[in-house]
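Below, read A as the first sequence line, B as the second, and so on, with proteins coming before strands; counting in each chain starts at 1. None of the values given here were measured: they were computed from a predicted structure.
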Amino acid sequence: MIDVKGLTKSFGNHLVLDHIDQHIHPGEKVVVIGPSGSGKSTFLRCLNLLETPTSGSITFQGQEITDPKADINAVRRQMGMVFQHFNLFPNMTIRKNITLAPVQTRLMSQAEADDAATALLRRVNLEEKADAYPAQLSGGQKQRIAIVRALAMKPKLMLFDEPTSALDPEMVGEVLAVMKELADEGMTMVVVTHEMGFAREVGTRVLFMDGGKILEEDEPHAFFAHPKEPRTIEFLSKVL
Amino acid sequence: MDLAYYYELWRGMMLSKDPAVAAEWWQVFFVRFYQAFLENDRWQQYLRGVGTTLCVTAIALCIGVVLGVLVAVVRTAHDQQRPGRRNVLLGAVNFVCRVYVTIIRGTPMMVQILIMGMVIFSSSRNYTMVGALTLGINSGAYVAEIIRGGLMSLDPGQMEAGRSLGLGYFDTMRFIVIPQAFKAILPSLGNEFIVLLKDTSMISVIGGQELIKAARDIINRTYDAMFPLIGSAVIYLVLVMIFSWLQGILERRLRQSDRR
């Protein structure tokens, strides 16, 4: 589904991603873990070109999106993204937050989008918040809205950038539950997270990144039971 | 007739217990007042002046806001380009915008009005419109910087969220960034509007027919400056207070989404 070849990103002289090769298959739930500053968020943000790679290529469903001629907006419509700080639009109601993009990109009419929004809100049990503003919601509610806002575009792939890191511990569970449900429905997901429990339970593959490289990757049970690299062992001993 | 003259008269009235002196003071006061505002229906001259002042302000505001938004969007778009994908055309337009802002902010408004009225449009007789155009061009440079500040102060995550949903740069600007930036810059914009309203008085130097020009015409007729000038000052003050009140209402309405 996504094919990454020789992906390199540097900010000035600082090399953040160092020749990453990776292939993500449809239906996979790839969990990216690693210490902060390891480049995992940058890797995720390169996948929908929020960061422009310094070199290397990314191919999404057969189309090279790093090609300067690629229609980046059309590509992004097929990839949902959820941010650490939610990034809901504070000047709009929840319903408007969800329907804005589908309507403006002519994916749906306003009426269709409103129906879709109601269905999505029902799914995360926030139906009654449709006419509230983001400032009136808790962190967990905001992040659930951010997830369904991305889903309203009917994406083929969902990118999660530390979706629970800015939440109170109490609220982590409700967000992870929505993500797990999404995973069970077969959505292809790439998740950067520090939630090892989620990685183990939901992930189909775990990538461990450090120093801009993918040091180790494996199926989660084997990964957590028998890490091979010394750096991975050290990291896991600190977080588990 | 200056303030000292009125003061001397007033002091004489206070020192003397003679009611005739007091009556003389009030007489002078009312004659001057009558000459400044009522004789020959002069209040209509002020009224026409106020009308022109408001009209010039409105025209200049429209020109200023349109220019300001254009310049601010160009400059922000230029500064927010992804590195390595510099657009040459955008670079050129951005350069023009920077020259414009530098020149307008770097020269006195009075000089700009004189140049527009006496050099560039020296053959035009429509002084008021030349003045309005000058004020608009001047205001645009300041509005551009105010808007640019608002656009740059917004959390970059808002732009990223819009773009990640597949909205284009200009759609994201239009629906997400600009409405939020507008709320943030409203106090500064209100300030700029008030400055603009008061600066319309300067177009009288090239013959613009606004409030101060009316006051000066009347001074030339009656040889009394105090009432026309203080009267004009009061009119400006009232206009600004009305506007500040309206701005307060608008700000409260825009704060709707902040309620918890």
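- Ranked by non-hydrogen atom pairs under 4.5 Å with chain B, the options A/Leu88, A/Asn48, A/Leu107, A/Val75 are led by A/Leu88.
- The choice from A/His85, A/Met81, A/Gln104 that makes the most heavy-atom pairs within less than 4.5 Å of chain B is A/Gln104.
- Within 6.0 Å of atom CZ in B/Phe95, 12 or fewer heavy atoms from other residues, nucleotides or ligands are found, so the atom counts as exposed in its surroundings.
- For CD of A/Gln110, the number of neighbouring non-hydrogen atoms (other residues, nucleotides, ligands) closer than 6.0 Å is greater than 12.
- Evaluation of the side chain to side chain donor-acceptor pair (under 3.5 Å) test over residues 25-37 of chain A, restricted to residues two or more places apart or in two chains, returns A/Glu28-A/Arg205.
- Annotation: residues 143-161 of chain B contacts chain A through B/Asp155, B/Gly157, B/Gln158, B/Glu160, B/Ala161 [non-hydrogen atoms, separation under 4.5 Å].
- Formation of a donor-acceptor pair under 3.5 Å by the A/Arg76 side chain with backbone atoms of B/Ser164 is not found in this model.
- A/Phe89 touches chain B through backbone and side chain together, each having a heavy atom under 4.5 Å away.
- Defined by atom type and a distance below 3.5 Å, a donor-acceptor pair is present between the side-chain atoms of A/Asn73 and B/Arg163.
- Note: A/Asn91 CG to B/Leu254 CG = 10.0 Å, rounded to the nearest 0.5 Å.
- Of the inter-residue distances, the one linking B/Leu165 atom CG with A/Leu100 atom CG reads 8.0 Å to the nearest 0.5 angstrom.
- The part of A/Met79 that comes within reach of chain B is its backbone (N, CA, C, O), which places non-hydrogen atoms under 4.5 angstrom from that chain.
- Within the 4.5 angstrom heavy-atom criterion, only side-chain atoms of A/Arg45, from C-beta onward, approach chain B.
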